[in-house]
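Only one structure is covered here, and it is reproduced in the block below.
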Amino acid sequence: MAEILKSASRLGWSTKKQSAFGTPLVAADLTIYLALQDPLIVNEAAELYKNEGMIGTGHEWNTVRGVIKRKIDIDIPVQPMPIDFAGMLVCMLFGTHATTGAADYVHTAEWAAISSQADAKITSLAILEEGNNKLVQDIAVQSLTIRAEGSNRMEMGAKLLASKFGSNLTITYPTATTPRYVWGSAGVFSIGSDIKTQLLSFELTLESGIDLGRAWEKAATEALRVYPASWPYSPAPTRGVKFSCKIRAEGGNIATYRAAQLAGTELDLDVSCLGIIISAA
């Protein structure tokens, strides 16, 4: 049966990425603490083989059983999300980012060309479950949902992929600091270069385009063959973006918005989010 970590609500995380697949971060790297409002669910999934009903076995029951593939699915339910952890997940999904603006708090994240970045960026998390801190390695962001409405805090949910659990960690979580949030009432929506208006609500869904069918292709040894060797992007990009919003436009901008919708000309749509500096390590 799949393992369900029902009480995994405390995380140790880092602004660092792993240097390579199969090389997890260590406890000293996981220096940031997060307590989730709604616990994440960790599902250790396995694809099995068996000989039940095979021709030549002489019987219909199963006598041989083994593992073909293993991976870990992590589901973070949509909930109010502090801006530092939200910023880290966004940058991991896109894989590349730049920092601009005062105190480097404004991040511009964008997908790199698959020709220059064939695999998703990866990191590690420490998950506190039933008194044990378990390291989860080779974590990639498969998809994100980001939303906010009215005066509520910005919410985020994520689907993550990981290769396997590491050993239990000896880790001391730092004292939790007061989390910082983005509030929906403070949001600004802009189209093009200079048309800004009040943002009433929005929902953004991002799909990274990871190709699970190719994740086990590079395994070099029999012992590692059941685990993924990378999280490759699909050669034919399958990345997805879905965005919806409600705005309150100034009277003088209504005609401009309508004209932009009818023209079919590509324009930038921007929703800003404060976040901490994401290191390049």
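Numbering of residues begins at 1 and proceeds along the displayed sequence. Side chains included, hydrogens not; waters and symmetry mates left out as well; all remaining heavy atoms used.
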So, do [X] and [Y] sit near enough that their side-chain heavy atoms are less than 4.5 Å apart?
X: Tyr233; Y: Gln117; value: yes
X: Thr205; Y: Leu144; value: no
X: Leu125; Y: Leu30; value: no
X: Arg70; Y: Glu44; value: yes
X: Asp84; Y: Trp13; value: yes
X: Ser230; Y: Asp119; value: yes
X: Ser124; Y: Gln18; value: yes
X: Ile127; Y: Asn133; value: no

**Joint hydrophobic cluster, Phe165 plus Ile122, side-chain heavy atoms closer than 4.5 Å** = no
inquiry  = Please say yes or no: joined through hydrophobic side-chain contacts below 4.5 Å, possibly via intermediate residues, are Leu160 and Val90 part of one cluster?
reply    =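 Yes, it is one cluster - the side chains of Leu160 and Val90 are joined through contacts under 4.5 Å.
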Heavy-atom count check: over 12 atoms from other residues, nucleotides or ligands less than 6.0 Å from Lys159 NZ?
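Open.
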Across all chains, not counting sequence neighbours, the side-chain hydrogen bond (donor to acceptor under 3.5 Å, both in side chains) partners of Lys71 are Asp73
Would a distance-only check, ignoring hydrogens and angles, find a side-chain to backbone donor-acceptor pair under 3.5 Å from Gln79 to Pro77?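 Checked: pair present.
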Approximate separation, where rounding is to 0.5 Å, of [X] [atom1] and [Y] [atom2]:
X: Glu155; Y: Met81; atom1: CD; atom2: CE; answer: 9.0 Å
X: Leu206; Y: Ser143; atom1: CG; atom2: OG; answer: 8.5 Å
X: Gln137; Y: Leu25; atom1: CD; atom2: CG; answer: 10.0 Å
X: Ser234; Y: Ile114; atom1: OG; atom2: CD1; answer: 6.5 Å

So, Glu203 and Thr145: side-chain donor and acceptor under 3.5 Å apart, yes or no?
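There is no such pair (donor and acceptor under 3.5 Å, judged by atom type) between the side chains of Glu203 and Thr145.
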Q) Do you know which two heavy atoms are closest between Arg225 and Trp216, and how far apart they sit? A)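 Scanning both residues, the minimum pair turns out to be O-CD1, 3.4 Å.
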Heavy-atom closest pair (Asp138 atom, Ala20 atom, distance to 0.1 Å) is OD1-O, 4.3 Å
Salt-bridged, Arg239 to Glu207, with N to O below 4.0 Å? no
Quick note, salt bridge (charged side-chain N to carboxylate O under 4.0 Å, His left out) partners involving residues 28-41, not counting sequence neighbours, are Lys16-Asp29
